[in-house]
Amino acid sequence: MRWSKTLIPTLKEDPADAEVVSHKLLVRAGFIRQISRGIYDYFPLALKVIRKIESIVREEMDRAGAQELLLPIASPAELWQESGRWEVYGKELVRFKDRHARDFCLGPTHEEIVTDLVRSAVRSYRELPFNLYQIQTKFRDEVRPRFGLMRGREFIMKDAYSFHTDMQDCRREYDNMFETYKRIFTRYGLQYRPVEADTGAIGGSLSHEFQVLAESGEDAIVSCNLCDYAANVEKAEAKGSRPAARDLTEESPQLVKVSTPGKRSVAEVAEYLKLPPEKFVKTLVYRIDNNDFVAALVRGDHEINEVKLQTALGCREVALADEAAVAAMAGVTPGYLGPIGLSLRTIADFSVQSMRGAVTGANEANAHYTEVDQERDFTPSAFADLRMAAAGDHCPRCDHGLLEAHRGIEVGQVFYLGKKYSEALGATYLDAEGRERPMEMGCYGIGISRLVAAAVEQNHDANGIIWPLSIAPFQVLLLPINYNDKATREAADRLYDELRRRGVEVLFDDRDERPGVKFKDGDLIGIPLRITVGAKGLAKGCLELRWRRDGKTVEIALAGAAQTIHGHLAQA
RNA sequence: CGGGGCGUGGCUCAGCUUGGUAGAGCGCACGGUUCGGGACCGUGAGGCCGGUGGUUCGAAUCCACUCGCCCCGACCA
């Protein structure tokens, strides 16, 4: 492609509305432009990257035995009503009416649609199993789109759905997809980790996320420094935390009420009483499923994990109660809440069990108890794993490992769905005995457009983007120093033709610009290999070959240059 | 939805407090000098200052409402 014939609107300055580096660079380098909140134009360079990402997905999905198909973006409300998600999904689901006033929505995901397809097309166990996938634009009216392509409302996703006669076969496909995803993300040249994940709104019982490691990632993950355990903190089991309240007084003196005027947070009270946060018990009042209230206890140095709380309580929704509700329930503001004498059902994290010499609120204004002994002074209705795992925790899977914390960008997720959708929508088959049975299902997503952002987050420097070769918009940037110089022009034109003939993807900067401008633009858009054609080099019969990533530069002979370049690419 | 911030040529911003009819840098066009890491000189085009309503002799500037965008939080690929 000749630069002069394509549209690459580069910018010298960072756009004012971008925060993270991938957003800034993708806009500056002329890949994307925001047209509305969370909705972007993809310029030619961006589309090339997207096509590369997609084609690797296709190759690997096809290799894994999946079949590509294409489902509609608009789907009728009936299917969503049947699965129950028309009510459950909320405002994120964009709904509209057609001219006949029939309800529709834009598909945020396609379990209903594909299940409907399968129930009408498949009758017998002989037709199972299979895995259907598509690559398509999705729309979710996100509460808070942000960070450019990282969290758009409109985004491109690969979604796959598999159908099976039994759990074992569905598990086999889950593992098949897990391995396929590892191959895909490895081919992208990204540093990633598969982590155990919560299943969230999609439902199901087993799930892994594929997280591209990046500081700007929205997800917190932990991984073991010794074994291969890794999990999203939402899901990570919290076990054997740092030694903390263990060395507490054995003799368990009397409960002591102390005055703590105006001190409300653990940090404030800890500072005031000169006691470490791990000796505290935090009491948090939650409203569950919009009617009942429950008090959750975690140690002062821990964070509560609401997903775990929800699971432990077996409820659909938990939300921190507001101050007025707390005052009504407990007769005190949240800063002075404690489990002793609290007339609320309480549930406590394991780390609170058997605590001694602890500090809690006294359920009266400006007062706390010290020397609290859990076994002597209060009894929660249950103990459970309620806290966020954190760096330094003991690994829940191996003996000596410790957890490390990372940030990640979730670029893929695999789910074992079970019969959730097949039962709701009646996707059944007849088994060998002629009995009707619901199918077992799995689903598997990859965020295609999000991957563009993730790749940039992980591959850039002060000068711009550094695309991994496998997803770069072009493999080679051919840069003549002065395209008006006759010798340069002839050599560059010839090389351009020869490279293309060999199937090398070349961006040819044939613009009448000063060299500095071309070098800067070239670094910005991040083509992996740059070939510079200049009068000085030509005089010696040479060209300069330079890798964008490490700046490594070699001179190569003009004669046979196309072949030499092809060879360097093949080795990369 | 709650909290905070911002809307002024294509881009990044100044001007607003203390109303007097719009500026800079970059970019763009043309001419000239340049030409291996975002050149220089000259000339020029381009803005109903997000919108509506108000206050005023007069509003980018003050007031009200409204729309859009960004950040933080509650949600999620």
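Per chain, numbering begins at 1; letters A, B, ... match sequence-line order.
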Practice item. Any ring-ring contact (aromatic ring centres under 6.0 Å, His included) involving residues 138-157 of chain A? Give me the pairs, sequence neighbours left out, ordered by first then second residue. Key: none
**Study point:** Output field: ring centroids A/Phe178/A/Phe210 closer than 6.0 Å
**Key:** yes
Review point. If we take the C1' atom in both B/rG46 and B/rG10, what is their distance in whole Å?
Key: 9 Å
Exercise for review: Using the C1' atom as the reference point in each nucleotide, state the distance between B/rU61 and B/rG7 in Å, no decimals.
Suggested key: 15 Å
**Study point:** Whole-angstrom distance between B/rG38 and B/rC75, as gauged at atom C1'
**Key:** 42 Å
Check your understanding: At under 4.0 Å between heavy atoms, what does A/Asp159 touch on the DNA or RNA strands: base, sugar-phosphate, or nothing?
Key -> nothing
**Study point:** Sequence neighbours excluded, every pair satisfying salt bridge (Lys or Arg N to Asp or Glu O under 4.0 Å) that has a member inside residues 47-58 of chain A
**Key:** A/Arg51-A/Glu54, A/Lys52-A/Glu505, A/Glu54-A/Arg58, A/Arg58-A/Glu68
Practice item. Indicate yes or no for a side-chain donor-acceptor contact from A/Asp198 to the backbone of A/Lys235 under 3.5 Å, with no hydrogens or angles considered. Key: no
Check your understanding: Can you check the A/Leu477 CG to B/rG37 P distance for me, whole Å?
Key -> 16 Å
Practice item. Quick one: look up who B/rA64 pairs with, Watson-Crick or G-U, both distances under 3.5 Å, and put none if it's unpaired. Key: B/rU52
Practice item. Searching all strands shown, indicate the nucleotide that pairs with B/rC75 (Watson-Crick or G-U wobble; both distances under 3.5 Å). Key: none
Review point. Is there a Watson-Crick or G-U wobble partner for B/rG38 with both distances under 3.5 Å, and which nucleotide is it?
Key: none
Review point. Between B/rG25 and B/rA14, how far is it from one C1' atom to the other, in whole Å?
Key: 11 Å
Point to revise | Any residue meeting side-chain contact (heavy atoms from CB on, under 4.5 Å) with A/Ala18, in chain and number order, not counting sequence neighbours | key: A/Pro15, A/His23, A/Lys24
Exercise for review: Select base, sugar-phosphate, or nothing to describe what A/Pro9 touches, counting heavy atoms under 4.0 Å on all strands.
Suggested key: nothing
**Study point:** Who pairs with B/rA45 - Watson-Crick or G-U, where each distance is under 3.5 Å
**Key:** none
**Study point:** Euclidean distance, atom CG of residue A/Asp219 to atom C1' of B/rC75 [Å, nearest integer]
**Key:** 12 Å
Study note, to complete from the structure: When A/Lys91 and A/Asp523 are each assigned the nearest nucleotide of RNA chain B, the 5'-most assignment goes to A/Lys91
Exercise for review: Under 4.0 Å from any atom of RNA chain B, heavy atoms only: list the residues of residues 178-186 of chain A that qualify, in numerical order.
Suggested key: none
Practice item. Using the test ring pair (Phe, Tyr, Trp, His ring centres under 6.0 Å), find all partners of A/Phe474 that sit at least two apart in sequence or belong to another chain. Key: none
Point to revise | With sequence neighbours excluded, residues passing side chain to side chain donor-acceptor pair (under 3.5 Å) with A/Asp116 | key: A/Arg119
Check your understanding: When you check every protein heavy atom under 4.0 Å of nucleotides 26-36 of chain B, what one-letter string (B, S, -) results, 5' to 3'?
Key -> SS------BSB
Practice item. Using atom CG of A/Leu11 as one end and atom P of B/rU12 as the other, report the distance to the nearest whole Å. Key: 7 Å
Exercise for review: With a 3.5 angstrom cut-off on both distances, give the Watson-Crick or G-U wobble partner of B/rG23, or none if there isn't one.
Suggested key: B/rC13
Point to revise | Residues forming a side chain to side chain donor-acceptor pair (under 3.5 Å) with A/Asp509, sequence neighbours excluded | key: A/Arg511
Write down the protein N/O and nucleotide N/O pairs, taken from nucleotides 68-74 of chain B, whose separation is under 3.5 Å; answer none if there are no such pairs.
unit_1	atom_1	unit_2	atom_2	d
B/rC69	OP1	A/Ser36	OG	3.3
B/rC69	OP1	A/Arg37	N	2.9
B/rC69	O3'	A/Gln34	OE1	3.2
B/rC70	OP1	A/Gln34	OE1	3.4
B/rC70	OP1	A/Gln34	NE2	3.0
B/rC70	OP2	A/Arg37	NE	3.1
B/rC72	OP2	A/Arg144	NH1	3.2
B/rC72	OP2	A/Arg144	NH2	2.2
B/rC72	O5'	A/Arg144	NH2	3.2
B/rG73	N7	A/Arg144	NE	3.4

Review point. Say you pick atom P in B/rC26 and the same atom in B/rC63; how far apart are they, in whole Å?
Key: 35 Å
Check your understanding: Quick check: does any side chain N or O of A/Tyr192 sit under 3.5 Å from a backbone N or O of A/Lys182, one acting as donor and the other as acceptor?
Key -> yes
Check your understanding: What distance, rounded to whole Å, do you find between the two C1' atoms, one in B/rC13 and one in B/rG5?
Key -> 16 Å
Exercise for review: Taking side chain to side chain donor-acceptor pair (under 3.5 Å) as the test, write out the residues that go with A/Glu196, two or more places apart.
Suggested key: A/Arg397
Practice item. Rounded to whole angstrom, note down the C1' distance from B/rG15 over to B/rG20. Key: 14 Å
Study note, to complete from the structure: Assign each of A/Gly152 and A/Asn463 the nucleotide of RNA chain B bearing its closest heavy atom; nearer the 5' end lies the nucleotide of A/Asn463
Point to revise | Atom C1', compared across B/rC69 and B/rG27: separation rounded to whole Å | key: 23 Å
**Study point:** Spacing of A/Glu218 atom CD relative to B/rC75 atom P, expressed in whole Å
**Key:** 13 Å
Exercise for review: Just grab all the salt bridge (Lys or Arg N to Asp or Glu O under 4.0 Å) pairs involving residues 29-47 of chain A, residues at least two apart or on different chains.
Suggested key: A/Arg33-A/Asp41
Exercise for review: Please identify each residue that fulfils salt bridge (charged side-chain N to carboxylate O under 4.0 Å, His left out) with A/Glu490, with sequence neighbours left out.
Suggested key: A/Lys486
Practice item. Mind checking A/Glu142 for me? I need base, sugar-phosphate or nothing, with any heavy atom below 4.0 Å counting as a touch. Key: base
Exercise for review: Determine yes or no for a side-chain-to-main-chain donor-acceptor pair under 3.5 angstrom, with A/Lys282 supplying the side chain and A/Glu303 the backbone.
Suggested key: no
